[in-house]
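A quick write-up on the structure given underneath.
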Number of protein chains: 2
Amino acid sequence: MDEPVTRRSRRTRQTIKMSDVAAAANVSPSTVSLYLRRPGAVSKRAGVAIHDAIERLGYVPNLMAGGLAAARSRVVGVVVPSMRNAFFAQTVSAMQGVLSDDGFQVMFGNTDYDDDTELALVRAYLSWSPSALVLTGLHHARPTRDLLHAADCPVVEMWELGADPVDLAVGFSHTEVGRAQARHLIRKGRRHLAFLGARMQDDRRAMQRAEGFAAEAREAGIAAEIVQHIKPASTEAAAALLAKALSINARIDGVAASNDTLALGLLFECMRRGIAVPERLSVVGFGDLEFSAFSNPSLTTIRPFGDVIGEEIARLVLAAVEEDARPARPAINTGFVIVERGSA
Amino acid sequence: MDEPVTRRSRRTRQTIKMSDVAAAANVSPSTVSLYLRRPGAVSKRAGVAIHDAIERLGYVPNLMAGGLAAARSRVVGVVVPSMRNAFFAQTVSAMQGVLSDDGFQVMFGNTDYDDDTELALVRAYLSWSPSALVLTGLHHARPTRDLLHAADCPVVEMWELGADPVDLAVGFSHTEVGRAQARHLIRKGRRHLAFLGARMQDDRRAMQRAEGFAAEAREAGIAAEIVQHIKPASTEAAAALLAKALSINARIDGVAASNDTLALGLLFECMRRGIAVPERLSVVGFGDLEFSAFSNPSLTTIRPFGDVIGEEIARLVLAAVEEDARPARPAINTGFVIVERGSA
DNA sequence: CTGTTAGCGCCTTCAG
DNA sequence: CTGAAGGCGCTAACAG
């Protein structure tokens, strides 16, 4: 009666296969196959019989056999820097939601901002003959790019727009985001700006925002500093950045943060130091995280549409599968909006 | 010179296969296969020749063919309620990290707290002959449970410990978390407790925490209310819950929140209403989110070890694959700690 | 340690 | 609309 230590060895079970269903339904296996792929292409009678047999037998198709024969699997490989990042979690989540409705599965992996890891993941996904590959950003190591160009499936690069995508790009311009941040601060009467960034070495897109910010300020004839902190966003990073910015120019009255986590840290630091926000200092974030509306003052920030990116990609992938081709269309700009709240 | 609309049709490319590598290395295909699976089991000479041939030809193994022949794929199916939830994102991320080092891929899906979606995902994953299935929690619809019991791969249930797991469980006791929350408040001298929960209908585990909380209080001879709000955690939910709790018992001086998002909301609501935290009211959260340390006062909370859960599961899966069996061992308790900060 | 031999379960022409 | 035939690329005994 005791539970055995080992429940069941791998080869013990025998699964029901398509030919079993065919036999039970009195049709040939290829008719079952056809029914499964295009139910309409089979006579009503056969369809019903097959459906019943599947139910009765509890048939589960073997997707590896199917994929092998078709030289294509209903798998989409997704590569993100980090799933712990709420942005990408949201996007991947949304993508998975619409893809799974069409019977597609997502395989995903984190690169942790490492090019070699990205390459390894792309290699791994490629060996599943995926229906599409989705990567984050436009930058990839050379061998990765080569693989992607040689891949016989569509490649989607997300969360960044720019020159020379492999196939498709879905996202928005981070330069424009930076410009929007600067523009907003200037519109609020701020004349001494700074962009504060945490761990921007790893994050090309944060860097692009900083550059857009600086360019917009420059064109408006306003000075703007870019101040960086090596370590990731935290209360300490925020404190260090604020101190550094103010020491460079004590008159700074408007700052953009590389992301909301940092922006929130700045808000708390300001509170601690008795710096009035937004009277003395305006703060603009990026990301519109869950907590950005909670703070006091609440955070003015930029909202990207991470879920839209995911859905849009899913739609593109589905369309590409339909056409059986790698589309080369203009990129899709999912845009962003500025969410005006208390801090700026 | 223009970019064509269609880049490459699916069947145009022909991939190089194992037999090509074998020919190039002057060995038989099975030796290549063996080399790929157990490099040590092949002579040095052959190994080097094969390695070179693979590099030179840019061979990418076809994992579907391999999986079909082996009746098993190096895929782990992971089902979570929502990837947008930082807890699960962290766990899945950690799991993916260690699994991919061993050449395993994770397929993941969100259930959005829906039993039918969970069933569909389990079905889908099963058709890939996965090395393991990882689900969240111990509760599943009947047909799902049946499928899981019949599955010929290990099944891991995570983020919850309790009676009757399918195979393995990795997580901690939410009842104990609730008890710890109550105990902490009592130790701080609080005598009028309440557990405030947002959207607990969907979240069995939050409910378990509430029950543990109430049980601990009861055993200590202290009154404890459980107050619920239908909608998910937000500033509004926090305000409503606090009002309701205080209207039930104005003397309430210690509250536990079903999660940190709600707890943070409570902190802001207290600030708004001029309720001193922790002097007048102590607040304990659950989750130890990124922002829990940021608030002012900072949030005392319970830290689960989401990443440890993920790593532990990965290790179990790897071990089970090694043994080629479904292990039936005692569950793994990853525990939790109370992080004492300003709010309680 | 290496090669030979059979499939794995399904898809995809192609006839009927 | 249905069935028969062949093969997708690889693994897993087994024999040498």
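Just so we're on the same page: letters track the sequence lines, and every chain starts at 1.
The interatomic distance linking W128(B) (CH2) with dG9(C) (P) rounds to 16 Å, in whole Å. The interatomic distance linking I16(A) (CD1) with dC8(C) (P) rounds to 16 Å, in whole Å. Per the geometry, CG belonging to D20(B) stands 9 Å off P belonging to dG9(D), to the nearest Å. The CE-P distance, from M64(A) to dC10(D), rounds to 14 Å in whole Å. Across the protein-nucleic acid pair, R72(B) atom CZ and dG9(C) atom P stand 12 Å apart, rounded to whole Å. Between the CE atom of M18(B) and the C1' atom of dG3(C) there is a distance of 14 Å, rounded to whole Å.
With the 3.5 Å cutoff on both pairing distances, Watson-Crick and G-U pairs in DNA chain D assemble into runs of at least 3 at C:1-4 with D:13-16, C:6-16 with D:1-11.
Between N110(A) and S93(B), the side chains place a donor N or O and an acceptor N or O closer than 3.5 Å (distance only, hydrogens not considered).
Contacts between residues 31-43 of chain B and DNA chain D, defined by a heavy-atom separation below 4.0 Å, involve S33(B), R37(B), listed by number.
Inter-residue side-chain proximity for V134(A) and V76(A) is flagged as met; some heavy-atom pair is nearer than 4.5 Å. With a 4.5 Å cut-off on side-chain heavy atoms, N85(B) and V80(B) do not count as touching. Put simply, the side chain of K17(B) does not reach to within 4.5 Å of the side chain of N62(B), judged on heavy atoms.
In summary, R142(A) and D115(A) do not engage in a salt bridge, as defined by a charged side-chain N under 4.0 Å from a carboxylate O. A salt bridge between R84(A) and D307(B) is absent, with no side-chain N of the basic residue lying under 4.0 Å from a carboxylate O of the acidic one. The pair R74(B)-D102(B) does not count as a salt bridge, with every side-chain nitrogen at least 4.0 angstrom from each carboxylate oxygen.
In this structure, R204(B) contributes its side chain and G137(B) its backbone to no donor-acceptor pair below 3.5 Å.
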Check nucleotides 5-8 of chain D against the protein and report each pair of N or O atoms closer than 3.5 Å, with its distance, or say if there are none.
none

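Distance CE/M107(A) to CG/L121(A): 11.0 Å, rounded to 0.5 Å. Atoms CZ and OH, from F108(A) and Y125(A) in turn, are 7.0 Å apart once rounded to the nearest 0.5 Å.
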